[in-house]
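I have placed the structure first, in the form of structure tokens, so that the comments after it can refer back to it.
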Amino acid sequence: MTVRVVEVDSPDDPRLADYVGLTDVALRRRLEPEHGLFLAEGEKVVRRAVAAGYAVRSVLLGRKWLPGLTDLLEATGATAYVADDALLERLTGFAVHRGALASVQRKPLPRVEDLLRTARRVAVCEDVVSTTNLGAVFRGAAALGMDAVLLTPRCADPLYRRAVKVGMGAVFSVPHARFEAWPDGIDLLRDAGLPVLALTPAEGSVALDAVPPHVRERCALLLGTEGEGLSAEAIARADLAVRIPMAPGVDSLNVAAAAAVAFYALGERGGRA
């Protein structure tokens with residue numbers, strides 16, 4: 001297949017509409033899901049999206065990166081829009097250092113119930129709004145053996161460019177779905193036979209290393225939003241409140257760091273510790 005390369009010299013070129021104004025977070029969050037696309041940044045992330053079966057609409061890149069991406073462009077048939085670095089920065093609003101940006105077609109999300117049929121350990125993000133944190137949660141989930149990540153309605157979009165970038169494309173390998181209602185969605189977890197663990201430093205919570213092995217083998221771990229942590233209602237509905245033992249004077253970790261520690265503790269390696 002011949003690679004279609006288009007040289008562009010104006011940020012106003014209508015063919016580049018997918019890439020305009022990437023620093024306008026509110027606009028991107030509204031438009032990307034609406035038009036069924038997301039943006040992948042960097043050669044590794046783009047390749048992981050393609051390997052996971054996502055269709056690439058087009059690629060925007062600097063001239064020096066074209067030879068290294070020829071095989072991907074041939075395999076996908078995507079048009080390569082090539083520009084100099086100054087134009088890329090004017091167009092996107094930031095310096096593109098990772099070689100390429102790709103406009104990628106979204107896939108339909110699975111239903112929560114469908115993922116729960118086979119999942120043994122799942123992470124549930126309650127209202128995590130930072131795309132940086134969400135991307136890191138997905139990266140930890142992929143590395144530490146979680147079977148799925150479930151999102152409450154107000155969670156950030158895990159396919160937002162920064163989330164995909166921070167997670168190094170882990171969102172492509174870890175199945176995810178979004179609850180239609182929360183905290184009523186906890187009933188779906190329980191219906192699937194998963195003990196519901198609420199990660200919280202609140203008084204009365206149980207240290208993760210004291211969680212029985214049979215619970216660690218199949219469970220849903222609730223992770224709270226930045227700052228406030230889990231809602232009182234989510235904690236009240238959980239089967240067990242759990243915590244990460246910490247040094248005196250420290251009461252919590254960033255949600256992404258806490259998630260990674262908890263994933264390890266709940267996983268097979270953590271269970272043998």
Side-chain angles (χ1 to χ4, degrees), residues 48 51-53 107-128 133-153 155 158-159 163 167-200 205-225 229-230 234-245 253 255-273:
R48 287 173 183 173
K107 295 179 181 180
L109 279 182
R111 297 166 66 243
V112 169
E113 297 90 330
D114 294 337
L115 289 186
L116 291 177
R117 288 194 183 100
T118 56
R120 295 171 59 240
R121 284 186 289 265
V122 302
V124 179
C125 294
E126 182 188 61
D127 302 350
V128 175
N133 282 335
L134 193 58
V137 168
F138 270 88
R139 191 170 184 177
L144 298 168
M146 301 301 283
D147 296 319
V149 175
L150 305 179
L151 313 171
T152 63
C155 260
L159 288 177
M168 289 300 295
V171 67
F172 307 139
S173 60
V174 180
H176 70 280
R178 193 177 291 271
F179 290 100
E180 294 183 1
W182 186 261
D184 290 345
I186 291 175
D187 294 337
L188 297 178
L189 302 173
R190 195 167 284 114
D191 290 345
L194 297 179
V196 180
L197 311 183
L199 187 63
T200 172
S205 56
V206 175
L208 275 167
D209 56 8
V211 175
H214 74 276
V215 174
R216 290 198 295 260
E217 289 174 2
R218 291 194 76 249
C219 62
L221 179 70
L222 309 186
L223 304 167
T225 187
L230 281 171
I235 295 173
R237 290 199 184 195
D239 298 305
L240 184 66
V242 297
R243 61 180 168 80
I244 298 169
L253 293 169
V255 62
V261 172
F263 295 163
Y264 182 86
L266 294 174
E268 294 178 3
R269 286 171 294 177
R272 290 198 299 266

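L199 has its side chain within reach of I244: a pair of non-hydrogen atoms, C-beta onward, lies under 4.5 Å apart. Looking at heavy atoms from C-beta onward, V124 lies out of side-chain contact with I186 at the 4.5 angstrom threshold. Using a 4.5 Å heavy-atom threshold, the side chains of M146 and V174 count as separate. Between L221 and R121 the shortest side-chain heavy-atom distance does not fall below 4.5 Å. Between R117 and R111, some side-chain heavy-atom pair lies under the 4.5 Å cut-off. Using a 4.5 Å heavy-atom cutoff, the side chains of Y264 and L208 are not in contact.
When each of L116, L150, L115 is checked for a side-chain contact (heavy atoms from CB on, under 4.5 Å) with L188, only L116 meets the rule. With L151 as reference, L134 is the one residue of V137, V128, L134 to meet the side-chain contact (heavy atoms from CB on, under 4.5 Å) rule.
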- Before giving the answer on side chain to side chain contact (heavy atoms under 4.5 Å, CB included), spell out for H176 and V171 the whole-Å C-alpha distance, their side-chain angles and the decisive distance to 0.1 Å. CA-CA 8 Å; H176 70 280; V171 67; 3.7 Å; yes
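To the nearest 0.5 Å, the span separating CZ on F179 from CG on D187 amounts to 10.0 Å. Separation of atoms CD1 (I235) and CG (L240) is listed at 11.5 Å; rounding is to 0.5 Å. From L197, atom CG reaches atom CG of L223 across 10.5 Å, with rounding to the nearest 0.5 Å.
Under the 4.0 Å criterion applied to side-chain N and carboxylate O atoms, D209 and R216 are not assigned as salt-bridge partners.
The backbone N or O of M168 lies less than 3.5 Å from no partner atom in the side chain of R139, so there is not a single donor-acceptor pair. The main-chain N or O of A241 is never found under 3.5 Å from a side-chain atom of S205 such that the two would form a donor-acceptor pair. With R178 contributing its side chain and C155 its backbone, the two residues share a donor-acceptor pair below 3.5 Å. For R120 (side chain) and D147 (main-chain N/O), no donor-acceptor pair under 3.5 Å exists by modelled atom type. Formation of a donor-acceptor pair under 3.5 Å by the R190 side chain with backbone atoms of R237 is found in this model.
The neighbour count for E113 CD, taken as heavy atoms of other residues, nucleotides or ligands under 6.0 Å away, is above 12.
V196 and A238 make their closest contact through O-CB, 3.5 Å (heavy atoms, listed as atom of the first residue, atom of the second, distance). Nearest heavy atom pair, residue P245 against residue A207, reads CG-CB, 3.8 Å. Across every non-hydrogen atom of C219 and L194, the tightest pair is N-CD2, 3.9 Å. Contact detail for W182 and P153: the closest heavy-atom pair is CB-CD, 3.7 Å.
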